[in-house]
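Per chain, numbering begins at 1; letters A, B, ... match sequence-line order. As the structure is a computational prediction, the values presented were derived from the model and not from experiment.
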Amino acid sequence: MSKTSENPQTKHLVGRRAWRPAWPARPDRVLHRRRYFGTKRSVLKLSGQFNPKTLKREVVLTDKKPMFWLFGLFLLVAIPTAVGSERFLSLFGIICIYASINVMWTLIMGTAGLQSFATLATVGVGSYGAAYLSITFGLPWPLMLLVGLVLGIAMGFLISLPARRLDGLYYALLTLGLSEFCRNFVTQNEALGGKFNGALFGSARIVPSDMMTTRLGQTLAFLTTFIVLLVALAVFRWMNGGRIGLLLKTAATSKEDEAFASAIGIDWQRARMIVFMVASGVLGALGAFYSTYIGGTSLQIFSLDLLLLMLAMIVIGGLGRAEGAVIGTVIVVGITQWFTDWGPWRIVLAGALALLSVLYTRNGLFGLKEQMREIRTRRQALHRAAQTTKYAEFLPQQAPDIHDKSIIAGRTFERELREKLRGWITPEIIEEHRRSPLGQHSDHLERILNYFRKGPLPDKYAVYTEVPFQSYRVVALSGMPGVPPRIVDDKTYGSLDEAYHAVFMRRINDLKAS
Amino acid sequence: MTLLSCTDITLDLGGRRILEGVSLDVSKAEVVGLAGPNGAGKTSLFEVLSGRQLNHGGDVVLNGTSIRKLPMRKRVELGLVRSYQRPIVPAALTVGETLKAARKAYKPFPARLTVEWAAEFVRMRTPLDAPTASLETLERRKLMLACLLLRDPQIVLLDEPASGLTGSEIDEIDLVVRKLSQEYGVAVLLIEHRLELLAMVASKVLVLDVGHIIAEGPPETVFTSPEVRAAYFDVPINADLEGNLVIS
Amino acid sequence: MSILKLTGISAGYGPMRVLHDLDLTVEPGERLGLVGLNGHGKTTLLSTIVGLTGWQDGSIIFEGKEIGGRRTHGVGRKTPGIVRSGIALAPQGDAIFPGLSVKDNLDSGAYTSASWRSRKRRRDSVITVFPPLGKLLKQSAGTLSGGERRMVSVGRALMSDSKLYLVDEPSLGLAPKISMGLVAALCEIDIGEGAMIIAEQNLPLLEGRVDRMLGMHAGEIKLDVGEALGDVPPSAGGMH
Amino acid sequence: MIELIISAAVLASMYGLVAIGISFTWASIGMLNLAQGFIFTAGGYAAYLYAQTLTNMGITEGPVMSIGLLVSGMAGSAVAGLFVGSIAFLPLQDRANFRTRGLIATLAISLIGTQLWLIFFGPQSKPLPPIFGTGRIEIGSGGVSYSQLGAIVIATLMLTAVIMWMRSSRAGLQMRAMMMNPLGAAVVGVSVRVTGMRVLAISGALTGLASVMLAQTFFVSPTSGVQPLTVGLIISLAGGLGSIPGTVIAAAIVGLAEALTARYLAQSLVPFVLFGIVVLILVFRPRGLGGLLEDVRE
């Protein structure tokens with residue numbers, strides 16, 4: 001029931017057949033689904049089909065996304081490990097960390113639909129808290145991650161307090177100010193390195209600092225960032241693709257959607273808070289991880305410019321998609337960290353990319369395909385709509401959706417028939433029927449009656465005898481077994497002929513109005 | 001026995017009194033009609049009963065317990081559901097996903113078979129992968145109804161279920177209303193402009209005008225009472241725009 | 001010369017085509033009723049005249065000037081220009097300005113310099129058409145009831161110096177007695193050499209009050225209205 | 001005491017100018033202009049270039065200089081406003097998701113703009129010659145410098161003029177109409193695009209005025225727009241986006257709070273106090289002091 005079924009009308013359009021990889025099915029093996037451990041989700045969306053050309057059974061991969069993901073992630077981990085230079089490893093390490101933050105931000109902005117700009121503030125709180133505790137009390141790195149998680153959740157709770165009361169935009173601006181607030185707090189606070197412009201170094205590291213000079217240590221450090229990215233992606237999938245994600249999508253776009261969601265009993269506010277808390281917790285832990293990765297933290301984490309750059313990453317990739325967040329990060333971090341000798345121009349380039357994608361794409365790089373397809377279908381539909389008049393017998397809204405030409409031809413015929421019959425309806429015909437509803441009629445009346453007789457059951461009326469020879473009523477047939485006819489009006493008729501004529505008049509009216 | 005009752009509901013919005021001293025009772029499996037000119041407060045009464053509007057005076061009682069303070073979704077869990085006048089459906093989902101969301105809205109989840117039953121009950125004829133945004137009014141209303149009914153409600157509040165529909169489409173919705181009360185014992189509170197329909201399905205009709213109940217009782221007596229006729233039909237052309245009675 | 005001449009008009013929204021090659025001529029001094037069921041293109045026809053549809057094609061000649069043509073995007077970009085050339089529209093759903101007072105709402109309808117200078121006189125004449133507005137001038141339009149809003153919307157259209165008035169569904173969403181009063185008032189307004197098109201779902205409301213009645217069905221105009229819709233019982237289309 | 005009030009009034013009037021620009025733009029065209037900081041700096045640099053040119057010609061003070069500074073600042077910011085409009089408003093105006101996309105586009109412009117100023121003018125702060133002279137008026141124990149007095153007077157005059165114009169003129173009515181209901185505005189002959197650009201130019205000019213006058217004490221630098229933007233946002237938030245009286249009141253409160261904090265506590269605590277104030281206001285009035293408009297809009 002919940003699986004989407006194939007719509008027969010949209011399948012097999014000439015020239016529009018989606019390319020799907022297919023391979024022969026092994027007849028000796030029954031096709032069974034592999035599932036992700038502990039879930040009901042299948043690993044790959046496979047479906048069986050019969051190929052009419054080769055006359056063989058095939059297994060078709062309907063969703064290619066997992067393959068691209070695997071390939072992309074493999075590249076992300078393979079390139080730096082294979083090249084192995086320090087610059088590459090640290091660049092990709094930063095990409096992985098920023099990408100994880102962006103994925104969580106996407107979860108907050110896309111899935112939860114909260115326009116929160118306090119992402120970096122949460123990361124920074126986790127980072128500073130963990131680094132401070134580690135420096136002061138010598139916390140080992142696993143505990144630092146835990147502290148980050150707790151701080152993140154606490155921060156998420158604090159930020160979520162005004163979310164229920166404030167409108168989207170007010171909330172966005174308030175959270176935008178929060179990073180600035182945190183930055184000020186750090187500069188005022190001596191314990192957090194306020195004297196050294198917020199630099200707080202010397203915390204515990206996952207990969208000990210003496211190992212960081214070797215290639216092995218650098219590779220290890222990069223691999224930890226990659227694992228962190230995997231964790232972030234898993235959290236995203238868990239939240240966005242699961243039940244909570246579905247409930248939130250129901251209430252996503254507008255006030256009307258929210259009204260619908262509450263009408264069917266969805267507690268979308270709670271779902272939103274859950275997603276927000278989870279994402280904040282992960283963000284805090286990410287901050288703590290950042291501290292363990294570079295062995296400390298600095299004020300740069302709260303800067304508005306970094307926030308804007310991260311927004312640019314998300315925008316370039318496409319808001320609301322994990323793949324968009326990752327690819328956008330790769331592009332922007334690639335530009336800003338690799339071409340360092342370009343000076344301010346590289347920021348200009350990143351900003352210009354973000355501007356272009358906002359101006360010309362609907363939803364970043366990953367929205368492009370959809371956008372192109374929409375443009376194409378719109379052009380086709382416009383073209384078709386402007387050329388033909390065949391559809392006039394439908395309500396105009398339906399016409400472009402009908403792909404079966406025989407339906408259109410059938411309805412055209414029906415319409416012409418109705419028009420012809422309508423032309424025959426004259427007072428004389430009605431008078432003739434009134435005089436003798438049954439029996440021999442003139443040619444035109446007989447044809448009209450024949451048209452009425454061959455109509456489908458649900459439109460038909462019948463005569464109901466309340467008291468024989470005294471009172472009759474007109475009823476409408478439901479056309480469904482077990483569903484009784486319903487009385488159409490409160491008129492009663494004294495004779496059967498009168499009732500027959502009343503039925504005839506109703507059908508004539510229906511015909512005229514059609 | 002009384003299923004849902006409200007007593008002495010008063011509601012002020014933006015400095016205007018929308019409802020004043022409205023009370024009503026709905027018994028099990030009963031169809032109660034709610035009629036009245038536009039701006040009389042019918043929809044506002046629904047907002048109060050369904051829990052979307054909590055700042056009101058008076059009390060709302062379901063099955064003997066007060067639900068005055070409960071938000072909308074809690075009332076849904078207790079079996080009080082409503083539809084809206086506009087045919088709203090989630091914009092970003094497909095039909096199948098909408099039904100799935102309704103099934104998984106809160107625990108315990110009903111069986112998938114229930115969803116199929118509900119979809120069949122309202123006679124939905126849409127492919128499951130059709131995006132809801134492309135649906136027409138009738139299908140939207142049916143989808144909304146199916147989502148509401150799969151939770152087996154005790155009372156359904158329907159806000160002009162036939163608005164924006166034509167001829168045979170209206171009949172389909174009417175059929176659902178009748179089947180609900182007659183075959184499944186679900187109480188229905190129905191806002192409706194077509195008095196002839198109310199006369200046929202409702203056992204009791206209330207007529208609201210400017211926030212007051214001006215008539216209450218069986219349809220035959222209500223529709224023939226002079227106040228109702230004045231509010232609804234026999235009006236001089238230059239009627240008072242507020243909907244106040246101008247009896248000249 | 002006819003005041004408005006549509007030839008071969010097609011229009012729609014996205015892939016939807018709502019109007020199919022329709023032709024229509026409106027003569028000066030004419031009051032035209034446009035009837036038809038929901039979704040058959042009445043509103044779209046009025047929107048097409050002022051350029052508010054998703055796309056449109058075909059010629060619209062208003063007082064000898066072409067205001068139509070082929071357009072596939074930019075919804076409403078040309079509307080202000082068209083409106084200023086002398087077409088006033090009271091749209092479906094009112095589109096009044098909720099935060100402004102009723103007086104400001106009416107004044108905003110006087111968008112040509114001439115009508116802006118004479119706005120006081122025009123406001124008074126609108127109030128004579130809709131007397132209840134007189135008491136409400138100071139009130140914020142957002143707090144009005146449905147009938148009053150509709151009056152403000154129609155009244156705003158009347159404030160302009162227009163040659164052609166388009167009124168979309170005056171009865172929609174209103175209780176029968178209120179819509180009757182509104183339509184009656186609309187039909188009593190002196191339009192002089194101008195013209196008025198009233199789109200309405202409820203046929204009996206217009207019957208006998210307008211000079212000519214056109215039926216719309218599935219995006220085409222059917223001229224013989226009396227015959228096509230005359231026997232529909234009044235309650236069927238009356239209360240949406 | 002007098003000094004305190006005066007400095008509060010100066011701050012309030014300067015921030016009020018910026019905030020009203022933001023608030024006004026948001027309300028009429030539905031775009032939150034986060035490039036207001038860029039527009040602010042543009043005015044400052046325009047005035048700086050003007051001053052440079054005059055100085056090269058040998059004029060260092062006098063009415064030509066003073067009025068020219070004000071006018072060139074306003075003109076520079078108005079042009080920057082039109083520039084932002086032609087990039088972020090005109091192409092996006094009738095597309096889907098205009099609000100979010102407009103917000104992101106203006107953010108991107110401010111990101112690029114700061115870097116461009118850095119490239120063309122360098123990171124050093126540029127001073128402007130004094131507009132109102134350097135004298136002081138002594139009142140009782142305290143005193144008012146000419147530049148403070150000038151700033152208050154000119155800002156008040158300018159604000160009053162704009163508000164009066166909005167209230168009474170036809171163009172003002174059109175702008176207010178567009179704030180309420182863009183479709184309705186189109187129907188009564190108001191072109192959203194033309195009016196929108198007009199609004200951007202006006203709010204740009206107000207910002208430019210603030211920029212030139214603030215540059216008297218804080219100079220012009222590539223990032224000098226950030227502080228006014230943040231405070232402007234805070235004020236327009238607290239005042240309720242789109243409400244001019246609310247914005248004026250919020251500007252007064254914020255200006256006073258900043259002056260008080262700076263005097264009795266510490267300059268470094270100012271951001272905390274401002275943030276606290278706006279949070280407090282928003283907790284009790286989620287739509288700001290004068291956010292009635294939004295209620296009505298629904």
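Ranking B:K74, B:M144, B:R75 against chain A, the residue ahead of the rest is B:M144, based on heavy-atom pairs under 4.5 Å. Counting heavy-atom pairs closer than 4.5 Å to chain A, the top residue among B:T98, B:V89, B:D174, B:V95 is B:V89. Top candidate by heavy-atom pairs under 4.5 Å with chain A, chosen from B:A91, B:S50, B:S83, is B:A91. Ranked by non-hydrogen atom pairs under 4.5 Å with chain A, the options B:C147, B:P90, B:A92 are led by B:P90. Among B:R151, B:K104, B:K179, B:R178, the residue with the largest count of heavy-atom pairs under 4.5 Å with chain A is B:K104.
Residue contact with chain B, scored on non-hydrogen atoms closer than 4.5 Å, involves the backbone and the side chain of A:A263 alike. Heavy atoms of B:Y84 lying under 4.5 Å from chain A belong exclusively to its side chain. Neither the backbone nor the side chain of B:L113 has a heavy atom closer than 4.5 Å to any heavy atom of chain A. Neither the backbone nor the side chain of A:A271 comes within contact range of chain B, judged by heavy atoms closer than 4.5 Å. Only the side chain of B:L93 comes within contact range of chain A, with at least one heavy atom under 4.5 Å from a heavy atom of that chain. Only the side chain of B:M200 comes within contact range of chain A, with at least one heavy atom under 4.5 Å from a heavy atom of that chain.
Side-chain contact between B:R86 and A:E256 is present, with at least one heavy-atom pair separated by less than 4.5 Å.
Atom NZ of A:K460 has more than 12 heavy atoms from other residues, nucleotides or ligands within 6.0 Å. No more than 12 heavy atoms of other residues, nucleotides or ligands shown are found within 6.0 angstrom of NZ on A:K65.
To the nearest 0.5 angstrom, A:L246 atom CG is 6.5 Å from B:E97 atom CD. Atom CD1 of A:I264 sits about 14.0 Å away from atom CZ of B:R82, to the nearest 0.5 Å. Remark: A:E258 CD to B:M72 CE distance equals 12.0 Å, nearest 0.5 Å. Between the CZ atom in B:F109 and the CZ atom in A:R243 there is a gap of 4.0 Å [rounded to 0.5 Å]. Distance check: A:Q269 CD to B:R73 CZ gives 8.0 Å after rounding to the nearest 0.5 Å.
When every heavy atom of B:A101 is checked against every heavy atom of A:T250, the shortest pair comes out as CB-OG1, 3.3 Å. The nearest pair of heavy atoms linking B:I88 to A:F260 is O-CD1, 3.3 Å.
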